[in-house]
Amino acid sequence: MVSVRLEKVTKKFGKVVAVNNVDLEIEEGEFMALLGPSGSGKSTLLYLIAGIYKPTSGKIFFDDHDVTNLPPRERNVGLVFQNYALYPHMKVYDNIAFPLKIKKVPKEEIRRKVFEVAKLLRIEHLLDRYPGQLSGGQQQRVAIARALVKEPQVLLLDEPLSNLDALLRVSVRSELKRLQKNLGITAIYVTHDQAEAMALADRIAIINEGVIQQVDLPEVVYNRPKNMFVGGFIGNPPMNFVEAGVEYNETVKLIVGEDSVWLPQEYIEILRKLKLQKVVLGFRPEDVLVLKDESQVEPGSSVIRGEIFTVEPMGREVLLTIMIGETMVKVYAPPTQYYSMGDKVFLQINPAKLRLFDPDTTIALEYLVKT
């Protein structure tokens, strides 16, 4: 097991900056997800760690050993790709054994290690088959076995489950998490699927346009996003954003249309420091109570009025799209209540769960105060 550290790492392809001045620390034995949209630089970052690419500037360390200029074969990393990259003319045994044969490991040791890793991944009964005779999930397990057989210090996975169907993806995902924890290996996992990152990772590094946006525990990036990009990228549906004015009197409150939103003391103190006149109010779809009658509003609670635009039954809940002025938001409501398009409703937001962002920088106010 090793830790991985990137210091001010930048990678340019001509005039395109794929990775921009990245600082990142991955602890030994940690499962880190690199999450971002297509073209965000997450795979480039992985290939820099692997040694496939060399950084334009900056340094990469495994523990305290500078590996910036070392080729992949000298970094002892295991790589698993989206397309499996198995040799179709070789049987499963030979595919798994291939990295050891390249290193001229003795035959008996190769045999022992191949059977050991095949048993770990529950594919020992497939060793005599060719890749074309395997399902997608089985091929992916073979690819992971090939990466693990050389006992790498770091396991690098580039969207390894994206070619699998939804049900199989969930199954292999849970197996992969269990395997990583049992082996105690440092793993770095690239994905554009935020549900996958949330389910697998100890921590998530969210990247966009080559820049790390936030690195934290899954529950922190979900509940306390550092900026509007993170709030809007994490979650399905993502966080809602509504523009609001700020009114300063004996207390501080938000104004959305004709409605007032009362704030927790934390945000009152922050707004008094920052003296912003406008903010963006963010809230998750599940952190809202949808009321059809104003008399249902709890005393002292804040509500925002809106009109139902669409109704989508989801089984255990109903997903409502609601217009607040010209802004469209999505919220969950219980299936026991009947809703129809055009209904006027009142949204009671859980004050402990709302988030406020600076409309100019898009940074969450609690992080803005710290900078």
Side-chain angles (χ1 to χ4, degrees), residues 194 206 208 213-214 221-249 251-272 274-294 296-298 300-312 317-333 339 341-369:
Q194 48 93 17
I206 298 160
N208 187 42
Q213 304 292 314
Q214 186 172 2
V221 295
Y222 186 82
N223 291 310
R224 301 185 74 87
K226 192 171 184 178
N227 55 39
M228 289 174 64
F229 174 81
V230 175
F233 190 72
I234 295 277
N236 185 25
M239 180 172 272
N240 296 298
F241 299 112
V242 179
E243 292 184 356
V246 186
E247 186 178 281
Y248 296 90
N249 287 309
T251 186
V252 180
K253 59 184 178 182
L254 304 185
I255 307 299
V256 179
E258 298 176 2
D259 300 311
S260 299
V261 178
W262 302 94
L263 295 167
Q265 189 61 33
E266 173 195 10
Y267 275 127
I268 290 174
E269 292 172 6
I270 290 173
L271 282 167
R272 287 202 188 279
L274 296 175
K275 297 181 172 60
L276 297 176
Q277 297 304 307
K278 290 183 177 180
V279 295
V280 176
L281 167 63
F283 56 91
R284 295 284 180 193
E286 65 271 22
D287 293 329
V288 175
L289 198 57
V290 182
L291 306 171
K292 297 187 75 173
D293 190 331
E294 197 166 8
Q296 297 174 301
V297 176
E298 296 173 9
S301 298
S302 302
V303 294
I304 300 173
R305 280 169 280 200
E307 181 179 310
I308 295 179
F309 185 71
T310 59
V311 180
E312 300 172 64
E317 65 239 328
V318 177
L319 181 62
L320 303 176
T321 302
I322 295 173
M323 298 302 298
I324 300 173
E326 298 298 312
T327 303
M328 193 176 286
V329 302
K330 290 187 178 290
V331 300
Y332 286 119
Y339 305 94
M341 290 185 287
D343 282 355
K344 307 293 185 194
V345 290
F346 301 88
L347 304 184
Q348 185 175 300
I349 303 169
N350 182 344
K353 294 296 184 77
L354 63 80
R355 306 256 65 84
L356 299 183
F357 301 87
D358 175 20
D360 295 326
T361 63
T362 77
I363 296 173
L365 299 195
E366 60 265 39
Y367 292 98
L368 200 60
V369 167

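Numbers here simply count residues along the sequence, with the first being 1.
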Taking side chain as C-beta onward, heavy atoms only, is [X] less than 4.5 Å from [Y]?
| X | Y | answer |
| --- | --- | --- |
| Phe309 | Met341 | no |
| Trp262 | Thr251 | yes |
| Val290 | Leu347 | yes |
| Tyr367 | Arg224 | yes |
| Ile349 | Ser302 | no |
| Val331 | Ile322 | yes |
| Lys292 | Phe346 | no |
| Met228 | Met239 | no |

- Report the C-alpha distance between Leu289 and Leu291 in whole Å, list the side-chain angles of each, state the deciding distance to 0.1 Å, and finish with yes or no for side-chain contact (heavy atoms from CB on, under 4.5 Å). CA-CA 6 Å; Leu289 198 57; Leu291 306 171; 4.0 Å; yes
Search all heavy atoms of [X] against all heavy atoms of [Y] and return the closest pair with its distance.
| X | Y | value |
| --- | --- | --- |
| Phe241 | Gly231 | CZ-C, 4.1 Å |
| Pro359 | Val279 | CD-CA, 3.8 Å |
| Asn236 | Tyr332 | O-OH, 3.5 Å |
| Pro225 | Ala364 | O-CB, 3.4 Å |
| Tyr267 | Glu366 | OH-OE1, 2.8 Å |
| Phe357 | Leu365 | C-CD2, 3.7 Å |

To the nearest 0.5 Å, tell me how far [X] [atom1] sits from [Y] [atom2].
| X | Y | atom1 | atom2 | answer |
| --- | --- | --- | --- | --- |
| Gln213 | Ile234 | CD | CD1 | 11.5 Å |
| Phe283 | Asn240 | CZ | CG | 4.5 Å |
| Ile304 | Leu281 | CD1 | CG | 5.5 Å |
| Thr321 | Lys330 | OG1 | NZ | 3.0 Å |

- Flag yes if more than 12 heavy atoms outside Glu243 fall under 6.0 Å of its CD atom; otherwise flag no. no
- Task: Evaluate whether atom CD of Gln265 has more than 12 neighbouring non-hydrogen atoms of other residues, nucleotides or ligands under 6.0 angstrom away.
- Result: yes
Check: [X] side chain, [Y] main-chain N or O, donor-acceptor pair, under 3.5 Å:
| X | Y | result |
| --- | --- | --- |
| Tyr248 | Leu276 | yes |
| Asp358 | Asp360 | yes |
| Gln194 | Gly235 | yes |
| Glu317 | Ala333 | no |
| Asp259 | Arg305 | yes |
| Thr362 | Asn227 | no |
| Asp287 | Lys353 | no |

- Note on the structure: salt bridge (Lys or Arg N to Asp or Glu O under 4.0 Å) filter on Lys344, not counting sequence neighbours, yields Glu307
- Task: Take Arg284 and Tyr222, measure what side-chain contact (heavy atoms from CB on, under 4.5 Å) needs, and give me the verdict at the end.
- Result: CA-CA 9 Å; Arg284 295 284 180 193; Tyr222 186 82; 3.7 Å; yes
- Determine, stepwise, if the pair Leu368 / Leu274 fulfils side-chain contact (heavy atoms from CB on, under 4.5 Å). CA-CA 9 Å; Leu368 200 60; Leu274 296 175; 4.1 Å; yes
- Quick one: which of Leu271, Ile270, Val280 gives a side chain to side chain contact (heavy atoms under 4.5 Å, CB included) with Leu356? Leu271
- Item | Worked verdict on Leu263 versus Leu254 for side-chain contact (heavy atoms from CB on, under 4.5 Å) | CA-CA 8 Å; Leu263 295 167; Leu254 304 185; 3.9 Å; yes
